[in-house]
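Accompanying notes for the structure given below.
Chain A is the first sequence line, chain B the second, and so forth, proteins listed ahead of strands; every chain is numbered from 1. Computed from a prediction, not measured in an experiment: that's the story for all the values here.
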There are 2 protein chains.
Amino acid sequence: MELLSFFESIYKITPDARESLSSLITEKEYSKNEVIQQIGSRCRTIYIVKKGIARIFYHKDGLDITEHFAFDNDLIVRAESLFTGEPTSKGIQAIENTTVYAIDSSSLFSLYDQHHDIERLFRLLFEREHVNSIKRLESLQFQSAKDRYLELLKNTDYIQKIPLKHIASYLGITQVSLSRIRSEIR
Amino acid sequence: MELLSFFESIYKITPDARESLSSLITEKEYSKNEVIQQIGSRCRTIYIVKKGIARIFYHKDGLDITEHFAFDNDLIVRAESLFTGEPTSKGIQAIENTTVYAIDSSSLFSLYDQHHDIERLFRLLFEREHVNSIKRLESLQFQSAKDRYLELLKNTDYIQKIPLKHIASYLGITQVSLSRIRSEIR
DNA sequence: GTAAAAAATTAACAAATGTTAAATTCGGAC
DNA sequence: GTCCGAATTTAACATTTGTTAATTTTTTAC
């Protein structure tokens with residue numbers, strides 16, 4: 001499975017562990033705009049995007065806000081719930097027709113006790129997510145909206161497939177502001 | 001040691017592991033404004049604040065920006081370097097006279113192989129940091145500066161000991177804006 | 001205690017972003 | 001292809017935040 005090769009590129013686990021892990025992985029398809037996990041639920045599944053685009057979103061003052069985008073091989077979890085067990089006000093939605101690998105989190109966490117190397121693999125995977133959060137913090141803290149948009153364009157080819165309203169809220173600005181920025185750039 | 005009780009409240013490790021871990025922990029004192037780790041260095045030490053206040057900071061366009069504050073029992077690491085091995089443009093500074101526990105990261109990581117439970121303990125500790133980063137992302141993405149300031153006031157008693165210039169940059173605004181906000185509140 | 005330096009506030013104006021509403025463009029259903 | 005609804009852009013004005021510089025307050029060094 002492609003996913004296992006991706007995992008191997010992060011940290012190599014024993015064949016035994018590999019087999020246990022592999023039995024937890026299922027594949028799911030979602031169509032464009034389909035909600036994968038509802039707002040208000042607990043995060044009990046770790047998703048990895050196989051193909052397509054997904055986002056984490058929530059509502060604030062009646063507005064739909066995108067907190068995160070995930071593309072090929074990206075993890076998509078609501079960490080504030082996965083790591084605490086608490087429900088989260090965030091949901092997950094497919095932006096396009098999207099195929100994901102899904103891993104039940106409590107089954108995975110049980111494996112940690114038997115397979116030290118699986119725990120390590122996922123520790124390393126989540127550390128990468130942690131670093132991503134910090135980088136994004138930096139950009140939200142002290143870059144202009146225009147700079148954040150330009151950086152987003154640089155880093156991702158998939159961007160043109162994402163509705164601008166989602167990009168705007170991801171950048172922390174209104175859609176009108178984003179339009180203005182786009183017209184300045186052209 | 002107080003630190004070991006704190007660790008135990010997160011995850012209980014075996015007496016053997018406890019002893020190994022304990023031998024890595026040293027205590028260091030820094031005086032007000034002293035730089036603990038220079039900008040541009042690699043993060044090779046995990047600090048936990050015993051007493052006092054420390055901050056993570058960096059320079060952007062000649063300005064000094066505070067990315068993070070740490071108080072009692074808070075971890076303070078430059079995760080983007082610790083987890084990648086790369087140098088970071090961020091430094092660590094004591095805001096007050098501060099005592100920290102210090103753990104050499106490569107020694108700690110070596111212990112992970114022998115002591116699964118130490119790896120777990122630190123995984124859990126860093127997961128908490130990860131969740132904190134996400135919460136902060138949320139507030140930077142879609143709260144006004146005033147709301148962010150009010151929330152900061154709510155959450156921390158130590159705030160009044162921190163120079164306002166640091167608080168302003170932490171909130172992502174200028175010191176002048178923060179003064180304005182403060183005068184509106186009174 | 002006093003002087004100098006640093007920190008914080010205030011003021012005036014500039015720039016960026018938000019808000020509302022209308023106009024235009026685009027995409028999907030038929 | 002046409003129509004309808006959604007997405008995007010544009011415009012006009014309001015609000016927030018930034019910039020510069022002067023002033024006041026607080027802290028530090030002696």
Quick one: sort the A:Tyr30 and A:Tyr47 rings into parallel, tilted or perpendicular, breaks at 30° and 60°.
perpendicular
Which whole-number value in Å describes the distance from [X] [atom1] to [N] [atom2]?
X: B:Gln160; N: C:dA8; atom1: CD; atom2: C1'; result: 16 Å
X: A:Gln143; N: C:dA16; atom1: CD; atom2: P; result: 15 Å
X: B:Asn33; N: C:dA5; atom1: CG; atom2: P; result: 18 Å
X: B:Tyr149; N: C:dA8; atom1: OH; atom2: C1'; result: 12 Å
X: A:Leu140; N: C:dA16; atom1: CG; atom2: P; result: 18 Å
X: B:Lys161; N: D:dT26; atom1: NZ; atom2: P; result: 18 Å
X: B:Asp147; N: D:dT15; atom1: CG; atom2: C1'; result: 14 Å

Is it true that [X] and [Y] make a salt bridge, defined as a side-chain N closer than 4.0 Å to a carboxylate O?
X: B:Asp113; Y: A:Arg120; value: yes
X: A:Arg42; Y: A:Glu86; value: no
X: B:Arg18; Y: B:Glu8; value: yes

Distance under 6.0 Å and angle within 45° of the ring axis: does A:Arg78 meet both against A:Tyr58?
no
Lys/Arg cation over aromatic B:Tyr170: B:Arg148, 6.0 Å, 45° cone:
no
Does B:Arg136 form a salt bridge (charged side-chain N to carboxylate O under 4.0 Å, His left out) with B:Glu67? I'd like the steps, not just the answer.
CA-CA 10 Å; B:Arg136 202 152 118 65; B:Glu67 182 176 87; over 6 Å; no
Between CZ on residue A:Phe122 and CG on residue A:Asp117, distance to nearest 0.5 Å:
11.0 Å
What residues in residues 163-185 of chain B put a non-hydrogen atom under 4.0 Å from any atom of DNA chain D?
B:Gly172, B:Ile173, B:Thr174, B:Val176, B:Ser177, B:Arg180
Across nucleotides 22-30 of chain C, 5' to 3', mark each nucleotide with B, S or - according to how protein heavy atoms within less than 4.0 Å reach it.
---------
